[in-house]
Novice: 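To start, I am sharing the structure in question, which I have written as structure tokens.
For ligands, and for the atoms within them, numbers begin at 1 and follow the listed sequence. Sequence positions, counted from 1, serve as the residue numbers for this chain.
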Amino acid sequence: MAIATVNPTTGETLKTFEPLTSEAVEDKITAAQTAFGTYRHTSFAQRRQWLHQAADILEATDRVAEFAQLMTLEMGKTFREGEAEVRKCAWVCRYYADQGEAFLANQFVETDAGQSWIGYQPLGIILAVMPWNFPFWQVFRFAAPALMAGNVGLLKHASNVPQCALAIEEILGQAGFPEGVFQTLLIGAAQVAAVVKDPRVQAATLTGSEPAGASLAAIAGHEIKKTVLELGGSDPFIVTDSADLEEAVATAVKARMINNGQSCIAAKRFIVTPGIADAFEEQFLATLQALKVGDPLAEGTDMGPLATADIRAQLQQQVAAAVAEGAQLCLGGAPLTDQPGYFYPPTLLKDLPPDRPIAQAEFFGPVALLFRVPDLDAAIALANQIPFGLGASAWTTVPQVRDRLIQELEAGCVFINGMVKSDPRLPFGGIKRSGYGRELGIQGIHEFVNIKTVWVK
Ligand code: NAP
């Protein structure tokens, strides 16, 4: 995939970039290693100040708009969602700036030693391979804890968001982080292996698809390097008979269509029990139908285009496969080809037999799958009948039902009567083929540190 800005609203190629040569990559790794030599000794107070400065830059009124616009230009999210994303990046910077020192403070433990404790030390260069769908947020949620812990970062961003990648490097530089502490590598996917293998690179994190995660983890495994993987999902959204219907419907639409339907933790499978199924289906369909698809920069637009032509083509193939396997098309179901760009309408499919292979796939776009089940047991079984385990949202007002859902859903998080979302204060990550390791919270900052046991007689 060429490294380029292609506006998904128009299909126009606006800017292309030459990938770095292997010599240029080598220079950047050398710069990172040199920077780590001194950066690791900077104080928490200093790092705290730089992270707050990064947050100040992100939150400056004109810059919120600038960065939001850049995201819209490169991957098509609505400007409104872009603004919220920029502010969330500032939040995660401030969160780790303020909490990082406490998260990494020595923990004393009574043993047979005169004194023994657990200390947390930085590892060195961490490689982050990131996706385009939340081009700022995915990077900042890695960078804020990694830099606060004293690591240095190398970013290989998705090839379709190079200007976002460069903007983030610039923000962190302007904030005061010394040269070499955070660098963007404009490289293609094929160049990642060499970086992972470099002995100076200590660990890697990848957010993206299963094939990309498996490929990076295989190389890192061979090199005996730690990885964190945040991969795909097909999150269930379970609506039981006792749910608040209005709220469940409104949240279901938002949870499926956020980011033009391209979120790992979007609700993708809507599982409904008999007492509420008809009413939910009717209102869900009507609300989806009312969404406004159009220019992502325009006020009032609910959904912009998909990020690339390939993503739209793949989604269309999946929809066709689902219909061929017996799903009923209730809404949408074909690319909007009467306009330029990569637009796809809100789409609702129902009654796809859950045992078909296509029912196990992640639909990375505005396509909702609706399943009716006879009871709660069947709802939980269907929710878990998937190779992924990222998030789950479930709706009930009955405490016993709630407790079963919390206990039995196989996912990295369960949200009751709410939409699955990330929050700097809570760990985020999956089980099964959604990956391993956690970002955010105290767990996130502990992923890329040497948890050092100290024993003194
Ligand atoms: P992707 O194609 O896997 O790309 C993600 C990143 O990996 C990009 O930087 C890409 O570079 C790189 N990459 C691709 N193949 C690689 C390989 N073989 N070795 C090393 N790097 C490789 O995924 P995507 O289409 O951008 O993103 C969509 C997927 O990400 C969905 O499955 C979604 O659920 C998942 N996601 C997960 C989370 C989470 O937190 N769990 C968050 C967001 C998205 P190029 O662009 O150069 O190919």
Novice: Does the protein place a non-hydrogen atom closer than 4.0 angstrom to atom 4 (O) of ligand 1?
Specialist: no

Novice: Give me the residue, atom name and distance of the protein heavy atom closest to atom 22 (C) of ligand 1.
Specialist: Ala189 CB, 3.6 Å

Novice: Are any of the N/O atoms on Pro211, whether in the backbone or the side chain, positioned under 3.5 angstrom from an N/O atom of ligand 1?
Specialist: no

Novice: Using a strict cut-off of 4.0 Å, indicate which atoms of ligand 1 neighbour a heavy atom of His157.
Specialist: 9 (O)

Novice: Below 4.0 Å, non-hydrogen atoms only: which portion of Leu231 touches ligand 1? Side chain, backbone, both or neither.
Specialist: backbone

Novice: What protein heavy atom lies closest to atom 14 (C) of ligand 1? Include the residue and the distance to one decimal.
Specialist: Ala212 CB, 3.6 Å

Novice: What's the spacing between Asp235 CG and Arg256 CZ if we round to 0.5 Å?
Specialist: 9.5 Å

Novice: To which protein heavy atom is atom 33 (C) of ligand 1 closest, and what is the distance rounded to 0.1 Å?
Specialist: Phe364 CE1, 3.3 Å

Novice: May I ask whether Leu390 places a heavy atom under 4.0 Å from ligand 1?
Specialist: yes

Novice: Are Glu170 and Gln174 close enough, and set up right, to give a side-chain hydrogen bond (donor to acceptor under 3.5 Å, both in side chains), and what steps lead you there?
Specialist: CA-CA 6 Å; Glu170 189 195 310; Gln174 273 178 8; 3.1 Å; yes

Novice: My understanding is that only residues two or more places apart in sequence, or in another chain, count here; which of them pass side-chain contact (heavy atoms from CB on, under 4.5 Å) with Ala411?
Specialist: Ala392

Novice: Which of the numbered atoms in ligand 1 are under 4.0 angstrom from any heavy atom belonging to Ser159?
Specialist: 45 (P), 46 (O), 47 (O)

Novice: At under 4.0 Å between heavy atoms, which part of Ser215 makes contact with ligand 1: side chain, backbone, both or neither?
Specialist: side chain

Novice: Starting from atom 9 (O) of ligand 1, find the nearest protein heavy-atom neighbour and note its residue, name and distance.
Specialist: Met130 O, 2.8 Å

Novice: Decide whether an N or O pair under 3.5 Å exists between Gln138 and ligand 1.
Specialist: no

Novice: Drop me the distance from Asn160's CG to Asn7's CG, to the nearest 0.5 angstrom.
Specialist: 11.5 Å

Novice: Check this for me - ligand 1, Lys268, N or O atoms closer than 3.5 angstrom, yes or no?
Specialist: no

Novice: Taking it one step at a time, do Glu26 and Thr30 satisfy side-chain hydrogen bond (donor to acceptor under 3.5 Å, both in side chains)?
Specialist: CA-CA 6 Å; Glu26 165 62 28; Thr30 302; 3.2 Å; yes

Novice: Does an N or O from Met1, backbone or side chain, lie closer than 3.5 Å to an N or O of ligand 1?
Specialist: no

Novice: When you measure from atom 35 (C) of ligand 1 to every protein heavy atom, which one gives the shortest distance, and what is it?
Specialist: Gly208 O, 3.2 Å

Novice: Kindly compute the distance separating CG (Asn260) from CD1 (Ile258), expressed to the nearest 0.5 Å.
Specialist: 10.0 Å

Novice: Going by the order shown, which atoms of ligand 1 are within less than 4.0 Å of some heavy atom of Trp132?
Specialist: 24 (P), 25 (O), 26 (O), 27 (O)

Novice: Is it the side chain, the backbone, both or neither of Thr207 that has a heavy atom closer than 4.0 Å to ligand 1?
Specialist: both

Novice: If you have a sec, work out which protein heavy atom is nearest atom 32 (O) of ligand 1 and how many Å separate them, to one decimal?
Specialist: Glu362 OE1, 2.7 Å

Novice: Between Tyr342 and Thr9, does the side-chain hydrogen bond (donor to acceptor under 3.5 Å, both in side chains) criterion hold? Intermediate values first, please.
Specialist: CA-CA 6 Å; Tyr342 313 132; Thr9 304; over 6 Å; no

Novice: Per the side chain to side chain donor-acceptor pair (under 3.5 Å) rule, what does the pair list look like for residues 129-157, sequence neighbours excluded?
Specialist: Trp137-Ser422, Gln138-Arg141, Arg141-Glu439

Novice: Does Ser434 reach ligand 1 with a nitrogen or oxygen that is under 3.5 Å from one of the ligand's nitrogen or oxygen atoms?
Specialist: no

Novice: What residue and atom, counting heavy atoms only, is the protein's closest point to atom 2 (O) of ligand 1, and at what distance?
Specialist: Ser209 OG, 3.9 Å

Novice: Got a salt bridge between Lys88 and Glu85, using NZ or NE/NH1/NH2 to carboxylate O under 4.0 Å?
Specialist: no

Novice: Is the shortest side-chain heavy-atom distance between Phe237 and Ile271 below 4.5 Å?
Specialist: no

Novice: Using the ring of each side chain (for Trp, its six-membered ring), is Phe103 parallel, tilted or perpendicular to Tyr96, with breaks at 30° and 60°?
Specialist: perpendicular

Novice: Run through Gln163, Met130, Met75, Glu74 and flag the one making a side chain to side chain contact (heavy atoms under 4.5 Å, CB included) with Pro135.
Specialist: Met75

Novice: Is ligand 1 less than 4.0 angstrom away from at least one heavy atom of Glu439?
Specialist: no

Novice: Can you list the steps and then say if Ser234 with Glu362 is a side-chain hydrogen bond (donor to acceptor under 3.5 Å, both in side chains)?
Specialist: CA-CA 5 Å; Ser234 185; Glu362 176 183 34; over 6 Å; no

Novice: What part of Glu210, side chain, backbone, both or neither, has a heavy atom within less than 4.0 angstrom of ligand 1?
Specialist: neither

Novice: For Cys93 versus Leu58, what's the shortest heavy-atom pair and its separation?
Specialist: SG-CD1, 4.3 Å

Novice: Look at the aromatic rings of Tyr39 and Trp50 and report parallel, tilted or perpendicular, splitting at 30° and 60°.
Specialist: parallel

Novice: Under 4.0 Å from any heavy atom of Lys156, which atoms of ligand 1 are there?
Specialist: 9 (O), 11 (O), 45 (P), 47 (O)

Novice: Would you mind running through ligand 1 and noting each atom that sits below 4.0 Å from a heavy atom of Val192?
Specialist: 20 (C), 21 (N)

Novice: Is it the case that ligand 1 has an N or O less than 3.5 angstrom from some N or O of Val129?
Specialist: no

Novice: Any idea which part of Arg141 is under 4.0 Å from ligand 1, heavy-atom wise: side chain, backbone, both or neither?
Specialist: side chain

Novice: Ring centroid separation for Phe270 and Phe371, is it under 6.0 angstrom?
Specialist: no

Novice: Within a strict 4.5 Å, meaning less than it, do heavy atoms of the Glu281 and Val272 side chains meet?
Specialist: no

Novice: Write out the residue and atom name of the closest protein heavy atom to atom 38 (C) of ligand 1, then the distance separating them to 0.1 Å.
Specialist: Cys264 SG, 2.9 Å

Novice: Counting heavy atoms only, which part of Asn133 comes closer than 4.0 Å to ligand 1: side chain, backbone, both or neither?
Specialist: side chain

Novice: Yes or no: does Phe134 have any heavy atom under 4.0 Å from an atom of ligand 1?
Specialist: no

